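Each ligand, and each atom within it, is numbered from 1 in the order the structure gives. Since the structure is predicted, the reported quantities are computational estimates derived from the model, not experimental observations.
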Amino acid sequence: MNEKVFTFDDLTSRAILDSGYRQDAILAVIGNPVAHSASPAMHQPALDECAINGRYIKLEVPVGRVNEALQRLNALGFIGANITVPHKFAALDACHHVDDAAMQIGAVNTVKFIDGEVHGWNTDGPGFARAMQEEFAISLMGQRVMIIGAGGGAGQAIATQCARDGAERIVLVNRTLEKIESLAALLRKRFPLTKFHAMALSDIQLEGVARQCQLLINTSSVGLKSDDHSPVNEGCFSAHHLVYDTIYKPPLTDFLRLASKQQARVANGFSMLLHQGVLAFDIWFPGQAPLETMRAGLLSVS
Ligand code: ATR
């Protein structure tokens, strides 16, 4: 596996990136920090399986330099890149063309260099939709969804995807209410057929509203530390719920544990991570993404 983390300053010559390696770097994940990224564990085995001669590397880029980093990768002959926290919003502005999902979500997580131009996609939202199919055998059409921690990037991507796919009702929940009121207003304007509500995490009506939903999703960062308590209490969960946590490490957060206790069906963010990666690989190499190889690669580091 390519464990070395390259930096922005390494993007000056092929020699710096490739000397000592049998294959040239052709893809990268751009983040800050990026050392923990599981993306190489998915994409390198996929490249190898498809007999595509190249390396997928980790690249740490300072805030404010994504545009330059993409220009340099383009000039160095890379095929594309994944973009992760905190650069997904800035990457949108660095693209010459973006797909509908990226435009509506307002963030880019995958780029491909085509004829010297930067094309951007967002596969987080569509990856989430595929994860719902795989985990719960549902489409998002007609669903009543509660998104907890909707103030962050993941919440925004998932809320937008649910609306794009025709959810009936979307309840945005956040510790800081002001942060989601503007998101709710924007989504209402864009998707008039879906009903949107914005609620504070501390709202005493949360349990009652949760009961009226079918799908509950944690997109907050609460649960990343193994001693974190669930952002909502046990009274929010019932046996009819499908409950998803975008966190996959640790695999069983307190949020999922409480939901399981109430007999709800639960799943963690492994599937979303996998499917956003599969969709990205399919953008770089249409029709070639080896799903099971990528799943095994990701499992090996989870
Ligand atoms: P991003 O995904 O953009 O990096 P983040 O700062 O990691 O964002 O936060 C993601 C979400 O987790 C936010 O909705 C945040 O709530 P606020 O908007 O109120 O900050 C939520 N979050 C983080 N820590 C939290 C906590 N201790 N309790 C409740 N929600 C929390």
Identify, for [atom], the protein heavy atom at the shortest distance, and state residue, atom and that distance.
atom	result
atom 1 (P) of ligand 1	G153 N, 3.7 Å
atom 21 (C) of ligand 1	S220 CB, 3.7 Å
atom 5 (P) of ligand 1	S221 OG, 4.5 Å
atom 4 (O) of ligand 1	V85 CG1, 4.5 Å

Relative to the heavy atoms of [X], which atoms of ligand 1 are at a distance of less than 4.0 Å?
X	answer
K179	17 (P), 18 (O), 20 (O)
L201	29 (C)
G149	11 (C), 14 (O)

Going by distance only, is there an N or O of [X] that falls short of 3.5 Å from an N or O of ligand 1?
X	value
G151	yes
A154	no
V222	no

Considering [options], which one's heavy-atom position lies nearest to [atom]?
atom	options	result
atom 10 (C) of ligand 1	A157, G152, P231	G152
atom 18 (O) of ligand 1	N174, T219, V173	N174
atom 20 (O) of ligand 1	E178, K88, R175	R175

Is the shortest distance from atom 24 (N) of ligand 1 to a protein heavy atom below 4.0 Å?
yes
Side-chain donor-acceptor pair under 3.5 Å between E117 and H97, yes or no? yes
Do D100 and Q104 have side-chain atoms, one donor and one acceptor, less than 3.5 Å apart? no
Exercise. Answer yes if V61 and V118 sit in the same cluster of Ile, Leu, Val, Met, Phe, Trp and Tyr residues linked by side chain heavy atoms under 4.5 Å apart, and no otherwise.
Key: yes
Membership question, hydrophobic clusters at under 4.5 Å side-chain separation (ILVMFWY): are I105 and L186 in the same one? no
Looking at F196, is R169 sitting on its ring face, NZ or CZ under 6.0 Å from the six-membered ring centre and within 45 degrees of the normal? no
* Should the pair R72 and F78 be classed as cation-pi, given the thresholds of under 6.0 Å to the six-membered ring centre and 45° from the axis? -> no
ask   = Between the side chain of H241 and the main-chain N/O of A210, is any donor-acceptor distance below 3.5 Å?
value = yes
Is E60 salt-bridged to R65, going by a charged N under 4.0 Å from an acidic O? no
Review point. So, R130 and E134, do they make that salt bridge, N to O below 4.0 Å?
Key: no
Within the 4.0 Å heavy-atom cut-off, what T176 brings close to ligand 1 is both
Verdict with reasoning, Y244 to F255, per ring pair (Phe, Tyr, Trp, His ring centres under 6.0 Å): CA-CA 9 Å; Y244 194 77; F255 178 75; 9.7 Å; no
